[in-house]
Amino acid sequence: MSEKLATGRPTIKREAIASLGMVTSNHPLASLAGLEMLMRGGNAIDAAVATVFALSVVEPMMVSIFGAGFFTIRLADGRLVTIDDYAVVPLAAREDMYVPIPGSLDNEVEGGLNDTGYLAVATPGSLLGWTTALERYGRLPLAVVLEPAVRYARQGFRVSPYLHGFIRLCEDELRRFPASAEVFLPGGVPAPVGSILRRPDYAATLERIATEGASYLYDGPLGQAVARDMALNGGLVTLDDLARYRLYEREPVRGTYRGYEIVSMGPASSGGVHIVQMLNILEGFDLAAMGFSTPDTVHLIAETMKIAFADRARYLADPERVQVPVEWLTSKDYAAERRAQIDLRRAQQYAAGIAPDGEGACTTHCCAVDAEGNVVSATQTLNGAFGSKVTVPRTGMLLNNCMKLMDPAPGRTNSIAPGKRILSSMSPTIVLKAGKPLLAIGTPGGVRIFGAVLQAIVNVIDFGMSVQEAVEAPRLFDRGPVLELEHGFDRLPELAAEMERRGHTVQIVPKVAGGMNGILIDQETGLLRGGACWRADGAAAGYSGGDAVVTGEEFSPGIPT
Ligand code: GLU
C-alpha cells in the first residue's frame, strides 16, 4: 500500500488500524495489557489503567505507582473529565531546603539533592489516581486489571536497547541504592540487552495492591515501609503526607483551533494552558500554506513557544495556592495581542504578559479508545529516569524525584512550600471535531512536552499528517535563547542557516521530547488508527473482528452435529 506522506518520507514505525479497540503506549507489552482488558469486556479506562500498571513494570525508568500523572478522559456519553494525580511537596519541606545553582534553567541545586536520593522524593499520586480512575469510570475489578503487570513482573520481560541505555546512563546513581541495583544491575552490571529482567518484589507489591487497593500505600504496610525508609535516610515523606494526599478531578482546559476543540490538562499542569495559548496565536497564520518545516513555520512555532515560556515562569503553579489566570492566558484576545508582537523576519526574546488583576524525557504516555466511544489520554511519570533512583527495600517500588520540578529559589511563583502541588508540563490531550473525538495524544519530554504536543496537533490539522507521521515528524523547541532543531528535518543545514539569519541561536539535537503516541479516530469510518513514534519502545495494538453475528431467535451453530 502506498500512502501519500505529508512529510514526504516514510515513517519508521507503522500505524495500527482497527475497528473495535486501540491502545498505544511506549511498550508493546503494556499496549497488549490494555488490549487484553478490552477483549475481556473492559472499557478504555480499564485498558488505560492496565497499561500504566504494566508500564510501571516494563518501562521502569519512566513510571511507578510512587509517581505522578494526569488522565484526560472523554466518556462515551460526552462528559469530559481530567484526573490530577500529580505529586505534592512533603509537609516537612522548606522553600530554602536546597541551594540553587545560579543560572540553571532546569532547577539544578548543589549536590543534586532534588534529583537523586531521598530528598528528591515528593508525595505520590499515581497509585491513588490509577485506582480511582478505575473505580469511577472503569468496570473491571482491580485484581483483573493488575494481572498483566503482575505477570510481567514475576515472569520477566526482555531488556530492550532503550531500557539498557537508560540503565547505563543512570548506572552510578542506581548503584547507590542497593534495592535498585539488585534489579537493574544484576551481577553489578547494567542488565544486558535481550536479557530477561524479573521484578519479584514489585510483583508481590502489586499482588497486595490487587487485594488491598491503594490504601496499602496511603495508610497501610507499604506506606509504613516507605516512612521507615525515609526516616532512616533523611527523606521527608511521612505516613501523614501519604494519608493527607488529595486527588483532584478537575475541569479540563478547553480551547478551539480552526474549528477543532482542544481538551487538555489544566493546572497543576502548565501543558494544557500553553497548548491552547499557542494554538490561539498560530491560528492567525496560514500554516498549511506556509508548509511543514519551512523556515516561516519553524520561526513562528519557535516565537510562539518563547511567548508561552515567558508566561509560564510568571503565572503557572499550584492552582490551590496561586491565582493562575487560565481564562486570560487561553483567550483569543490575549493571543491576538501576543501575535502582534511576532516579527516574521527576526527572532525576539519575550517578557511575560501583564495579566489583568488578578531531558530530559522521562515520563510515559498511553492512549486507549474502545468501541463504545470512551477515550483516554494519560501521561504518568517518575519525573527523572528511574526518579530519585531509590527503591524502597523489599518492595520493588521506585520513588519519584518530582521535587526537581519546583523552583529551588525562594519567593517565586513555583517556589517550594509544604503541601504545594508540583508544577508539571504533562499534557494528555484530546481533540474533538463537531463534538466527536478525533485524536488522543501525549508524550514524555519534561518542559518540551506541550510544545511537542502542539506540533503534533498542527501536523494533523494543518499539514494533514496521519497519526503515525504526526508523532514521528521532526520537532523543534525554543524557550529562549536557543532554538533546538531535531536532526530529522529535511534540508537541515539550509533551515538552520535561515534561522540563524533571522536571529535564532540554533542547536541541532538528536531528540526533542520523547516517545509520543496517539490514536486518531477516522471521522467517516470510525476506524481507529494508532501511532507510536521511534523515540521510545512504543507500539500500537488494536483489534477488529470480535463476536460472531447471532441473529434472530434461532441460533445456528453452522457446524454439523
Ligand atoms: N520530567 C518529565 C518528563 O520527562 C515531565 C514531568 C512533568 O512535567 O510533570 O517528561
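Computed from a predicted model, the values in this text were never measured in an experiment. In listed order, ligands and their atoms are each counted from 1.
Every atom of ligand 1 is numbered from 1 in the order shown, and the set under 4.0 Å from a heavy atom of Ser425 is 7 (C), 8 (O), 9 (O). The distance from ligand 1 to the heavy atoms of Pro444 drops below 4.0 Å at these ligand atoms: 10 (O). Atom numbering of ligand 1 starts at 1 in the shown order; those under 4.0 Å from a heavy atom of Asn383 are 1 (N), 2 (C), 4 (O), 6 (C).
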side-chain hydrogen bond (donor to acceptor under 3.5 Å, both in side chains) between Ser64 and Tyr202, intermediate numbers included: CA-CA 10 Å; Ser64 155; Tyr202 194 49; 4.7 Å; no
Evaluate Thr82 against Thr72 for side-chain hydrogen bond (donor to acceptor under 3.5 Å, both in side chains), listing each step before the verdict. CA-CA 4 Å; Thr82 66; Thr72 300; 5.8 Å; no
Please test Gln468 against Thr11 for side-chain hydrogen bond (donor to acceptor under 3.5 Å, both in side chains), starting from the C-alpha separation and ending with a verdict. CA-CA 7 Å; Gln468 186 62 41; Thr11 54; 4.8 Å; no
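Of the N or O atoms in Gly384, none lie within a sub-3.5 Å distance of an N or O in ligand 1. Where the criterion is an N or O separation shorter than 3.5 Å, residue side chain and backbone included, Tyr86 meets it with respect to ligand 1. For a threshold of 3.5 Å applied to N or O pairs, the pair formed by Ile449 and ligand 1 contains no separation below that value.
With sequence neighbours excluded, the residues forming a side-chain contact (heavy atoms from CB on, under 4.5 Å) with Ser126 are Asp85, Trp130, Gln380, listed by chain and number.
Proximity of a side-chain donor or acceptor of His504 to a complementary backbone N or O of Val482 within less than 3.5 Å is not detected.
If you look at Leu405 next to ligand 1, the close heavy atoms, those under 4.0 Å, all belong to the side chain. Residue Ile422 does not touch ligand 1, judged by heavy-atom distances below 4.0 Å.
Sorted by first and then second residue, the pairs that involve residues 441-460 and meet ring pair (Phe, Tyr, Trp, His ring centres under 6.0 Å), not counting sequence neighbours, are His274-Phe450, Phe309-Phe450.
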